[in-house]
2 protein chains.
Amino acid sequence: MQQKTINFENCIDNQKSVFAVLTPEEKENIKRHLICNLYKKGEIIFKEGDKPNGLICLSDGKVKVFKEGVGGREQIIRMAKPVGFIGYRALFAEEIHHATAVAIEDSATCLIEKEIVYQLLRSNPDFSLSIIKAFATELGFSLDRTVTLTQKHIRGRLAESLVFLKDTYGFEADNATLKVYLSREDIANLSNMTTSNAIRTLSAFASEGVIGIDGRKIKIIDLAKLERISDLG
Amino acid sequence: MQQKTINFENCIDNQKSVFAVLTPEEKENIKRHLICNLYKKGEIIFKEGDKPNGLICLSDGKVKVFKEGVGGREQIIRMAKPVGFIGYRALFAEEIHHATAVAIEDSATCLIEKEIVYQLLRSNPDFSLSIIKAFATELGFSLDRTVTLTQKHIRGRLAESLVFLKDTYGFEADNATLKVYLSREDIANLSNMTTSNAIRTLSAFASEGVIGIDGRKIKIIDLAKLERISDLG
DNA sequence: TTACTTTTGTGCTTTAAAACATTGATGAAG
DNA sequence: CTTCATCAATGTTTTAAAGCACAAAAGTAA
């Protein structure tokens, strides 16, 4: 257990989340029942086969969610940031988890029990509507991704991943360095390629002046060119 | 316009659909407002960029839904059968369509206007819940598919597609012939491969005695073996 | 029918990406 | 500081799948 102070309530009060449509009373009720957890970098939050027992909100940190594929090869299907949710698909499908969530840096989560979530869905139509919209949007991303992961070539896929990481986590203060530090293997698993190819292609991008590399620090030097590589496929 | 008589109400009364939770009055109200359409084989029902104006139910026929990828290559993301819905993702995400739906045989659809759908979502929590569950399940399929399409080899992907077609459309009276007749190109677009490779691999399966081919008629001879090929990747 | 287009089937070539092997960094643990 | 382990980098080989070219078959329309 860490000593760091985390504002767990940020999950509920965030104006962009599905909770924005809740009444103050509903929010208070959730807050009273939050079950919060801390995870160290590398720790598993849930894994394939686990039964979901509530809606997990990532309050602080970063999390990768991946599926095991053929021969144990993992495909990263989501990168979560605060304040976002993880594991909700299995919860609402009433299935066991089909993916594994691992903290890629020290992280904090809050869990809202299943019963409370369903109670809200039944009592607040706006909440249901925002969940439906969130799922429909997410499904759109997933389908887009299926097409790009299968059709783009290595350079296109890697470029797309880098742009995706930028969009998700943004830049450090220098306005160029990606605010997320992944291993080459994770970058490969996100982009559907082998680790060697991720390394090779990152080097290629660096020597072309599109990005800068310093260990796990990746600096985007020419975003327009990176986007062009991504779009060309 | 065809003369064939279609029972359009099957969309609403189907016990397995999301409408099963509606009251008789709600169902009657929908039925009064149904907008029905007939499409000939090959006709477009909606295309990428169109604005959805309601929930489309496929009442009769078969429909493929695909996205245009790199270089215009199409990836089939859904195969719809009666009684199922198409185009609902864009509707609920409040986006334009990100995919195109084409009838692969003469088909009939009913459209439930957007306003009526949203009115139901607001008034009937069970309806919302079943929509949420449907989306969560669908997202699960999509994520599974992303992994198999990217990680399995050609034989595995094709075998998976054939099993998928069997699960979706079932068999003819002989209990072996797939009850759907796709071009080799469509089979390829479903399985993320080129047409030549689909043809080649189908021939290979046939000569191995796993399937039988007679034009577009595909007979599954050894389902267990086909599933094994699919699982091995 | 005939002509024309589309679809299917094959063989051959090329290429992108995986697999493998090895070495050099980097970093944590004793 | 040294040792061990993980991670990154790079070159080489192998292979799966795409690309291409062409011929045969099957639909489709005039």
Side-chain angles (χ1 to χ4, degrees), chain A residues 40-42 64 69-75 102 104-106 147-161 180-208 211-219 229 232-233, chain B residues 40-42 64 69-75 102 104-105 147-161 180-208 211-218 229 232-233:
Chain A
K40 288 212 172 294
K41 176 176 170 175
K64 66 171 173 178
V70 181
R73 210 174 121 200
E74 64 181 59
Q75 173 66 48
V102 169
I104 58 168
E105 50 182 65
D106 293 353
V147 175
T148 60
L149 282 181
T150 55
Q151 297 197 353
K152 283 185 183 178
H153 285 180
I154 280 205
R155 287 171 60 88
R157 297 203 301 271
L158 182 63
E160 180 177 284
S161 289
V180 59
Y181 301 88
L182 296 174
S183 68
R184 300 294 192 260
E185 194 181 0
D186 278 340
I187 293 176
N189 291 341
L190 179 64
S191 316
N192 180 36
M193 61 185 66
T194 54
T195 307
S196 351
N197 276 326
I199 291 168
R200 237 187 289 272
T201 313
L202 280 172
S203 302
F205 285 173
S207 69
E208 290 164 29
I211 62 171
I213 308 182
D214 174 16
R216 293 191 177 188
K217 261 199 207 115
I218 295 175
K219 194 177 287 199
I229 295 170
L232 281 174
Chain B
K40 287 211 173 296
K41 176 177 169 173
K64 66 172 173 177
V70 180
R73 210 175 120 199
E74 64 181 59
Q75 174 66 48
V102 170
I104 57 168
E105 50 182 65
V147 175
T148 60
L149 282 182
T150 54
Q151 297 197 352
K152 284 186 183 178
H153 285 180
I154 280 205
R155 286 170 60 88
R157 297 203 302 273
L158 183 64
E160 179 176 284
S161 289
V180 60
Y181 301 88
L182 296 174
S183 68
R184 301 293 193 261
E185 194 181 359
D186 278 341
I187 293 176
N189 291 340
L190 179 65
S191 316
N192 181 36
M193 62 184 66
T194 55
T195 307
S196 348
N197 276 327
I199 291 168
R200 237 187 292 273
T201 313
L202 281 171
S203 301
F205 285 175
S207 69
E208 290 164 29
I211 62 171
I213 307 181
D214 173 16
R216 294 192 176 185
K217 260 198 206 116
I218 295 175
I229 295 171
L232 281 175

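The analysis underlying the following values was restricted to heavy atoms, covering all of them including side chains, and did not include hydrogens, waters or symmetry mates. Quick note on labels: first sequence line is chain A, next is B, and so on, each numbered from 1.
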What residues, two or more places apart in sequence or in another chain, satisfy side chain to side chain donor-acceptor pair (under 3.5 Å) together with B/N197? B/T194, B/R200

Just to verify, what does A/E105 make a salt bridge (Lys or Arg N to Asp or Glu O under 4.0 Å) with, not counting sequence neighbours? A/K62

Contact letters for nucleotides 17-30 of chain D, in which S counts primed atoms plus P, OP1 and OP2 and B counts the base, heavy atoms under 4.0 Å: SBBB----------

Please name all residues satisfying side-chain contact (heavy atoms from CB on, under 4.5 Å) with B/A188, sequence neighbours left out, ordered by chain then number. B/M193, B/T195, B/A198

I'd like to check the side chain to side chain donor-acceptor pair (under 3.5 Å) partners of A/E185; sequence neighbours left out, ordered by chain and number. none

Quick one: is A/R216 getting a side-chain N or O under 4.0 Å of the D/dA8 phosphate, OP1 or OP2? yes

Could you list the residues that satisfy side-chain contact (heavy atoms from CB on, under 4.5 Å) with B/I213, not counting sequence neighbours? B/R184, B/L202, B/A206, B/I211

Can you name the salt bridge (Lys or Arg N to Asp or Glu O under 4.0 Å) partners of B/R73, sequence neighbours left out? none

Between C/dT8 atom C1' and B/Y181 atom OH, what is the distance in whole Å? 18 Å

Side chain of B/S183: nearest nucleotide among D/dT10, D/dA8, C/dT8? C/dT8

Using side chain to side chain donor-acceptor pair (under 3.5 Å) as the criterion, list what pairs up with B/T201, not counting sequence neighbours. none

Axis-to-axis angle across the helix from C/dT1-D/dA30 to C/dG30-D/dC1, five pairs an end, to 10 degrees? 50°

Which part of the nucleic acid does A/T195 contact within heavy-atom distance under 4.0 Å: base, sugar-phosphate only, or nothing? nothing

Quick one: does B/K64's side chain get under 4.5 Å of B/N189's, heavy atoms only? no

Just how far, in rounded Å, is P of D/dA9 from CG of A/L202? 8 Å

Whole-Å distance separating the NZ atom of A/K217 from the C1' atom of D/dA8: 16 Å

Could you tell me how far apart A/I199 (CD1) and D/dG11 (P) are, to the nearest whole angstrom? 13 Å

